[in-house]
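Keep in mind it's a predicted model, so treat the numbers as computed, not measured. We name chains A, B, ... by the order of the sequence lines, and we start the count at 1 in each one.
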2 protein chains.
Amino acid sequence: MDMNDALNAFSALSQKTRLDVFRLLINVGPEGMSAGDIAEVLDVRQNTMSANLSVLLQAGLVRNEREGRSIRYFADLDGTRELLTFLMADCCGGHPELCAQAIEAIACRK
Amino acid sequence: MDMNDALNAFSALSQKTRLDVFRLLINVGPEGMSAGDIAEVLDVRQNTMSANLSVLLQAGLVRNEREGRSIRYFADLDGTRELLTFLMADCCGGHPELCAQAIEAIACRK
DNA sequence: AATTTATATCAATATATCATGAATTATGGA
DNA sequence: TCCATAATTCATGATATATTGATATAAATT
């Protein structure tokens, strides 16, 4: 994860459809969802969604797997972790406790 | 933090100078840094930096305080926490342990 | 092999964003 | 009050990005 990777990732997340997709995939978890279902659920045209999925893929925020005729997409938690680590690296000038609060609260809710 | 706030924040972070600024301010911690010093350290023109600081401010990623003639900027950890929480909310379809790894690693290094 | 379903790619237009130079506001000092 | 310093605002040209309709690829079914 270098500066360019991070810029690509944040750029990917700065568009409504793509942020919706990422959060949807974060939400559905390991089951993932097919490209077509994602487009239908979010009410976005097929080719527009394909382009947006491609951007998220390039950004390392989602993975995909072919499954017969469909392609199933998943949130990429490794890529996500790398991005967040890059963002918050070396924080608070050697006093990590100061920004611990910013991280603690990202607890996953049931 | 709603969808629009999050889009503004990610959009703010998707530009090199602004991502540099945010990480710089995360790094220097509670001491913050004046607008002029930020521009000098990152070798960006003063008005360009001003515009970029304004974007980060609107996005809730940095705060500022007037200090005599200078204006001192700080990373806004509350805003940052809200953004990351929004991004990762309700993750893994009720199995939070699955994405705990993505969050754990954002430990602050000394 | 022809058809259907699922997804991706292409070219074009429309929209948004960036950095810059010039001008402006705000604070502190002579 | 006049000047210097610090930062912001404005208008503009250049660049980048998004969506769309049309088309292409890829896999499964008949």
In whole angstroms, how far is the [atom2] atom of [N] from the [atom1] atom of [X]?
| X | N | atom1 | atom2 | value |
| --- | --- | --- | --- | --- |
| B/Leu42 | C/dA19 | CG | P | 12 Å |
| A/Arg45 | C/dT7 | CZ | P | 17 Å |
| A/Gln58 | D/dA18 | CD | P | 13 Å |
| A/Met33 | C/dA6 | CE | C1' | 16 Å |
| A/Glu67 | D/dA28 | CD | P | 11 Å |
| A/Leu13 | D/dT17 | CG | C1' | 16 Å |
| B/Lys16 | D/dA16 | NZ | P | 16 Å |

Rounded to the nearest 0.5 angstrom, the OG-CG distance for A/Ser14 and B/Asn8 is 9.5 Å

d(B/Met33 CE, B/Phe74 CZ) to nearest 0.5 Å is 11.0 Å

Q.
Quick check with a 6.0 Å cut-off and a 45 degree axis cone: is B/Arg81 positioned over the face of B/Phe86's six-membered ring?
A.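 Not satisfied by the 6.0 Å and 45° rule.
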
* Asked: salt bridge (Lys or Arg N to Asp or Glu O under 4.0 Å): which pairs involve residues 1-16 of chain B, sequence neighbours left out?
  ->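 Applying salt bridge (Lys or Arg N to Asp or Glu O under 4.0 Å) to every pair that reaches into residues 1-16 of chain B, excluding sequence neighbours, yields B/Lys16-B/Asp20.
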
- Query: Short question: side chain of A/Arg66, backbone of A/Gly68 - any donor-acceptor pair under 3.5 Å?
  - Reply: yes

Sorted by chain and residue number, the side-chain hydrogen bond (donor to acceptor under 3.5 Å, both in side chains) partners of A/Asp76 (sequence neighbours excluded) come out as none

Residues passing the side-chain hydrogen bond (donor to acceptor under 3.5 Å, both in side chains) test with A/Arg72, sequence neighbours excluded, are A/Glu67

Atom pairs, protein N/O to nucleotides 15-18 of chain C N/O, distance under 3.5 Å:
{"from": "C/dC18", "atom 1": "OP1", "to": "B/Arg18", "atom 2": "NH1", "distance (Å)": "3.1"}
{"from": "C/dC18", "atom 1": "OP1", "to": "B/Arg18", "atom 2": "NH2", "distance (Å)": "2.6"}
{"from": "C/dC18", "atom 1": "O3'", "to": "B/Gln15", "atom 2": "NE2", "distance (Å)": "3.3"}

When the side chains of residues 43-52 of chain A are checked against the rest of the protein, which donor-acceptor pairs come out under 3.5 Å, sequence neighbours left out?
{"from": "A/Asn52", "atom 1": "OD1", "to": "A/Arg18", "atom 2": "NH1", "distance (Å)": "3.0"}
{"from": "A/Asn52", "atom 1": "ND2", "to": "A/Thr48", "atom 2": "O", "distance (Å)": "3.3"}

Protein-nucleic acid N or O pairs under 3.5 Å, nucleotides 4-11 of chain D:
{"from": "D/dA7", "atom 1": "OP1", "to": "B/Ala35", "atom 2": "N", "distance (Å)": "3.3"}
{"from": "D/dA7", "atom 1": "OP1", "to": "B/Gly36", "atom 2": "N", "distance (Å)": "3.4"}
{"from": "D/dA7", "atom 1": "OP1", "to": "B/Ile71", "atom 2": "N", "distance (Å)": "3.2"}
{"from": "D/dA7", "atom 1": "OP2", "to": "B/Gly36", "atom 2": "N", "distance (Å)": "2.8"}
{"from": "D/dA7", "atom 1": "N9", "to": "B/Gln46", "atom 2": "NE2", "distance (Å)": "3.2"}
{"from": "D/dA7", "atom 1": "N7", "to": "B/Gln46", "atom 2": "OE1", "distance (Å)": "3.4"}
{"from": "D/dA7", "atom 1": "N7", "to": "B/Gln46", "atom 2": "NE2", "distance (Å)": "2.8"}
{"from": "D/dT8", "atom 1": "OP1", "to": "B/Tyr73", "atom 2": "OH", "distance (Å)": "2.6"}
{"from": "D/dT8", "atom 1": "OP2", "to": "B/Ser50", "atom 2": "OG", "distance (Å)": "2.7"}
{"from": "D/dT8", "atom 1": "O5'", "to": "B/Ser50", "atom 2": "OG", "distance (Å)": "3.1"}

